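One structure is given here, and the rest of the page talks about it.
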Amino acid sequence: MTHNIFALMRERVVAALRTVLPDLPEEALARVEVTPTREAAHGDMATNAALVVAKPARRKPAEIAAALVAALAGDDQVATAEAAGPGFVNLRLHPAAWLAQVPAVLLAGEAYGAGTAGQGVRVNVEYVSANPTGPMHVGHCRGAVVGDVLANLMAKAGFEVTKEYYINDAGNQVTALAWATYWRYLQALGTTLSEEEFSGQVPGGLQYRGDYLVEIGTELAALHGEALAAPGVQVGAPADWMDTVRDFTLARMMDAIREDLDLLGVRHDVFSSERALAEAGAAGVTIELLRGAGLIYEGVLEPPKGKAPEDWEPREQTLFRATEFGDDVDRPLRKSDGSATYFANDIAYHADKMRRGADVMIDVLGADHGGYVSRMTAAVKALSAAANAPCTLEVVLCQMVKVLKDGEPVRMSKRAGTYITLRDLLEEVGRDAVRFTMLTRKSDAQMEFDIAAAVAQTRENPVFYVQYAHARCRSVLRAAGEMLGAAALTPQDLAQADLGGLTHEADLALIRRMASWPRVVESAALAREPHRIAFFLYDLAADFHMLWNRGRDDAALRFLRAEHPAETRARVALVAAAATVIRSGLAVMGVTPVEEMR
RNA sequence: GCACCCGUAGCUCAAUUGGAUAGAGCACCAGACUACGAAUCUGGGGGUUGGAGGUUCGAGUCCUUCCGGGUGCGCCA
């Protein structure tokens, strides 16, 4: 059940257009839009119908617009229709058509806004996917929120959504992590080695010197005593301890990451392990699949131009013909020791997602992975063709977040230990403010996150402003409960209210805004732009605050008037509907609708 | 050197995916508290959408090319 009044009117416009021009091709009709107007003088909504069909119909836009106006004049929802500008048709609906949206909201509840545009298409949204080599920090946070809200949004728009996390638990990084934990383990046992002496025995040297591994090393010491060390608490042969230490460390790191995600309100449906795929030989299977399609060859790549090729030497590699699918160069799938590259594993992983049933895959990535996009989309195109399983990959890139504290940028440096963990940020700012603020920018624009601004209790802070609007709604409804009795405030009861008295422009502005929510959900989902939800809620809150204050200047616009029960009932219905839409939007964002601000 | 992302009011950002006269907040100026919550609201000034071409009924949005910022560039993940 959808309540999208713009979609409804679009159908009526298209029907009218068919009567005017019976021979129009379907693809011309597909371009017809009915959109809210920017200018009040242009009515409630406008359609470009006459403009987009002018060429196929070989008629002038103005002629078509005039005919369309005549055809729409009889529509029971339309008060006025007029041609304007280069060929727009502006529509003004009867107030009753707008007022009817209020009971529709009340009866739908928080489900209001849900739509069917997704048509049950299966979407796999992969996000966060932080390496389990350290705690989550603010760099991961934006992608986590963007991915989570995008998934919620698409589900509301009628897609069948799976939220997925890819654990990068294979490769050299994880081995280095195990060595770092092993050092903490030896320390816990009181080794006589210095850090530098130990580092000298680690292939590639000791990485990950952060103290978050101390606790894990201590636990290992408690569990295994000196069994994992050589006599005298010295470095033992990796074969004797590596598996144990690595598995234990990975499990602990993933526990920590899941805890952090939980605090952020992010929950994935599926966690996929790179290592599990690698051990099952998935990369090899995938490479053979591509080889069967003629997309694999052994060859030598050209050195990159302009970049100093000091240590460059030509090398024969197993290459994937990515250039056949729009990438710049062909990409290696095997390292010189024959093992799969990260990219090869990732292709296998995407093949796995396809096999499990996805029509669309969306990867939410940090901008530092921007160079990865063209090769992965090329790989998915190749898989789609080779396996004859149509599936597309889209990438949502999240630009860097610059954190400001007291107006000063916080330098993020792992070496200096000055980076802010996600947990720090959540403790300082709170989950709601973090989530909302992360969506106050387009994801592909760089963002400054000002800690002071995110907790400010003023209009300039959208999360506060929106929550305050909801709290005010609840405040009115509490008072209304005292006045009318709680039984009179059920959605079913309020939906029966006579709304004829809601004629002020501020009333209708709020109602029109609420009525645009289903349209916002649909368009934001189709555009993969979750930030639009935050902006919608801000605008909705502004409409509500404005109406509230109108009641100061004009007592007739106050929500509660004891001597006018019928008007009060209508306005309480309006307030209840506004609160419902705010909750519906906040639910998508994963932000709490607070009852009061005190 | 090449690829991708970004460039909009003094500042931080929108702009219904190609729609009509480009909008909000902050800052600045002038106003509204015996009040359903003034943590709010009303009004005002502020623009060659980085520059230049092009596509068409119509461009902040698409194409080309410069300028400026960011990210990345063969066996790291």
Side-chain angles (χ1 to χ4, degrees), chain A residues 6 33 35-39 41-42 46 48 51 54-55 60-61 84-88 90 131 133 168 170-174 274 300-307 309 312-315 317-319 327-339 341-343 345-346 366-374 397 399-400 440-442 444-448 450 453 456-462 464-465 468-469 471-472 475-480 483 516 519-520 523-524 526-527 529 531-532 535 538-539 542 545-546 548-553 555 558-561 568 571 575 596-598:
Chain A
F6 294 93
E33 292 180 337
T35 58
T37 55
R38 250 181 263 209
E39 297 274 325
H42 296 151
N48 61 355
L51 289 163
K55 191 164 281 182
K60 288 181 181 170
F88 290 102
N90 294 331
N131 291 349
T133 54
N168 295 138
N172 300 332
Q173 301 290 335
V174 175
E274 178 186 0
V300 180
L301 289 175
E302 295 291 310
K305 293 186 175 64
K307 196 189 172 194
W312 178 273
E313 23 184 286
R315 211 178 270 123
Q317 297 169 298
T318 301
L319 297 170
D327 199 2
D328 303 324
V329 302
D330 292 338
R331 303 288 179 175
L333 298 183
R334 288 197 186 282
K335 306 177 189 175
S336 50
D337 67 359
S339 65
T341 60
Y342 177 82
F343 180 49
N345 280 330
D346 211 7
D368 53 341
H369 291 76
Y372 197 68
V373 175
S374 56
L397 283 184
Q399 289 290 337
M400 301 288 113
T440 54
R441 304 282 181 274
K442 268 189 302 209
D444 54 7
Q446 286 157 254
M447 170 161 81
E448 295 191 345
D450 189 326
Q457 308 232 320
T458 65
R459 172 171 189 161
E460 65 200 275
N461 181 7
F464 166 77
Y465 189 68
Y468 183 40
R472 274 183 149 178
S475 176
V476 170
L477 292 170
R478 281 192 296 272
M483 188 180 288
S516 71
R519 180 189 152 77
V520 169
S523 61
L526 294 176
E529 291 189 349
H531 73 280
R532 293 193 199 179
F535 283 90
Y538 186 83
D539 291 340
H545 286 306
M546 183 171 75
W548 179 291
N549 246 62
R550 284 278 152 77
R552 300 181 175 284
D553 305 329
R558 289 169 60 89
F559 300 124
L560 303 176
R561 293 192 296 157
T568 295
R571 294 198 173 276
V575 171
E596 55 184 358
M597 304 299 288
R598 293 179 201 281

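These figures come from a predicted structure and were not determined experimentally. Residue numbers begin at 1 in each chain, while the letters A, B, ... track the order of the sequences.
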Using the C1' atom on both, measure rG70(B) against rC63(B) and round to a whole Å. 24 Å

Inter-nucleotide P distance (rA9(B), rU61(B)), Å rounded: 15 Å

Taking atom C1' in both rA32(B) and rU48(B), what distance in whole Å separates the two? 38 Å

Send over the distance from F343(A) CZ to rG72(B) P, rounded to a whole Å. 19 Å

Once Watson-Crick and G-U wobble pairs under 3.5 Å are found, how is RNA chain B written in dot-bracket notation, 5' to 3', with | for any base paired to another strand? (((((((..((((.....[...)))).(((((.......))))).....(((((..]....))))))))))))....

How should the glycosidic conformation of rU49(B) be described, syn or anti, under the criterion that syn lies within 90° of 0? anti

Under the criteria of a ring-centre distance below 5.5 Å and an interplanar angle below 30°, is F88(A) stacked with the base of rG19(B)? no

May I ask you to say what A367(A) touches in the nucleic acid, namely base, sugar-phosphate or nothing, with a heavy-atom cut-off under 4.0 Å? sugar-phosphate

Would you say S475(A) reaches rG37(B)'s phosphate, i.e. side-chain N/O to OP1/OP2 under 4.0 Å? yes

Are any of Y465(A)'s side-chain N or O atoms less than 4.0 Å away from OP1 or OP2 of rC41(B)? yes

L397(A) near the nucleic acid: base, sugar-phosphate alone, or nothing, with a heavy-atom cut-off under 4.0 Å? nothing

Measure OH/Y342(A) against C1'/rA77(B) and give the value in whole Å, please. 6 Å

Non-hydrogen atoms of L560(A) and A479(A) that approach each other most closely: CD1-CB, 3.5 Å

Side-chain N or O of N172(A) versus OP1/OP2 of rC76(B): is the shortest distance under 4.0 Å? yes

Please give the distance between the P atoms of rC67(B) and rA30(B) as a whole number of Å. 46 Å

Any heavy-atom pair between the side chains of Q399(A) and R441(A) that's under 4.5 Å? no

How far, in whole Å, is rG31(B) from rU21(B) if one measures between their P atoms? 35 Å

It should be established whether K335(A) places a side-chain nitrogen or oxygen under 4.0 Å from OP1 or OP2 of nucleotide rA77(B). yes

Over all strands shown, is F535(A) touching base, sugar-phosphate only, or nothing at heavy-atom distances under 4.0 angstrom? sugar-phosphate

Atom of R558(A), atom of R561(A) and distance for their closest heavy-atom approach: O-CG, 4.1 Å

Indicate whether OP1 or OP2 belonging to rC6(B) is found under 4.0 Å from a side-chain N or O atom of K442(A). no

Checking T37(A) against F88(A) for the side-chain contact (heavy atoms from CB on, under 4.5 Å) test, could you report, in this order, the C-alpha distance in whole Å, the side-chain angles of both residues, the deciding distance, and whether it holds? CA-CA 11 Å; T37(A) 55; F88(A) 290 102; over 6 Å; no

Is the shortest side-chain heavy-atom distance between R472(A) and H545(A) below 4.5 Å? yes

Please tell me if H545(A) has a side-chain N or O lying less than 4.0 Å from either OP1 or OP2 of rC36(B). no

Can you tell me which nucleotide in rC57(B), rC26(B), rG70(B) comes closest to the side chain of Q446(A)? rG70(B)

So, OP1 or OP2 of rC13(B): does either fall under 4.0 Å of a side-chain N or O from R441(A)? yes

Of the listed rA14(B), rA20(B), rU42(B), the closest approach to the R459(A) side chain comes from rU42(B)

Within 45° of the six-membered ring axis of F343(A) and under 6.0 Å from that ring's centre, is NZ or CZ of R331(A) located there? no

Given atom CG of N48(A) and atom P of rU16(B), what is their separation to the nearest angstrom? 14 Å

Taking atom P of rC13(B) as reference, at what distance in whole Å does atom CD of Q399(A) sit? 12 Å

Kindly say whether, by distance alone, the side chain of N90(A) makes a donor-acceptor pair under 3.5 Å with the base of rA20(B)? yes

What is the glycosidic conformation of rC63(B): syn, defined as within 90° of 0, or anti? anti

Close side-chain approach of Y342(A) and N168(A), heavy atoms under 4.5 Å: yes

Heavy atoms of T35(A) and R519(A) approach each other most closely as CG2-NH2, 3.5 Å

Taking donor-acceptor contacts at under 3.5 Å, does the side chain of R38(A) reach the base of rU21(B)? no

At under 4.0 Å between heavy atoms, what does G370(A) touch on the DNA or RNA strands: base, sugar-phosphate, or nothing? nothing

Starting from C1' on rG23(B), measure out to OH on Y538(A) and report it in whole angstrom. 12 Å

Can you find an N or O donor on one side and an acceptor on the other, under 3.5 Å apart, linking the side chain of R519(A) with the base of rU16(B)? yes

At under 4.0 Å between heavy atoms, what does H369(A) touch on the DNA or RNA strands: base, sugar-phosphate, or nothing? base

Taking atom C1' in both rC41(B) and rG25(B), compute the distance separating them and give it to the nearest angstrom. 14 Å

Report which part of the nucleic acid T458(A) touches: base, sugar-phosphate, or nothing (heavy-atom distance under 4.0 Å, all strands). sugar-phosphate

In Å, rounded to the nearest 0.5 Å, how long is the span from CG of D346(A) to CD of E274(A)? 7.5 Å

RNA chain B: 5'-proximal contact among E33(A) and T440(A) (nearest heavy atom): T440(A)

Of all heavy-atom pairs between T440(A) and F535(A), which one has the smallest distance, and what is that distance? O-CZ, 3.5 Å

What is the separation between atom CZ on R331(A) and atom C1' on rG72(B), rounded to the nearest whole Å? 10 Å

By the 4.0 Å heavy-atom rule, please label E529(A) as base, sugar-phosphate, or nothing. base

At 4.0 Å (heavy atoms only), tell me whether A555(A) reaches a base, stays on the sugar-phosphate, or touches nothing. nothing

Starting at the 5' end of RNA chain B and moving along, which residue's nearest nucleotide shows up first, N549(A) or D539(A)? D539(A)

Check P86(A) against P61(A) and note the closest heavy-atom contact, atom names and distance. O-CB, 3.6 Å

Once you apply a heavy-atom cut-off of 4.0 Å, does M546(A) come out as touching a base, just sugar-phosphate, or nothing? sugar-phosphate

Is a donor-acceptor contact shorter than 3.5 angstrom present between the side chain of R550(A) and the base of rU40(B)? no

Between rC11(B) and rC4(B), how far is it from one P atom to the other, in whole Å? 29 Å

Sugar-phosphate only, base, or nothing, as touched by A84(A) at under 4.0 Å among non-hydrogen atoms: base

R532(A) CZ - rG23(B) C1' separation (whole Å): 15 Å

Would you mind classifying the nucleic acid contact of K60(A) as base, sugar-phosphate or nothing, using non-hydrogen atoms under 4.0 angstrom? nothing

Heavy-atom check, side chain of R315(A) versus side chain of P332(A), under 4.5 Å: no

Of rU40(B), rG19(B), rC36(B), the nucleotide closest to the side chain of F464(A) is rU40(B)

Taking the same atom, C1', in rG72(B) and in rU64(B), what whole-Å distance lies between them? 24 Å

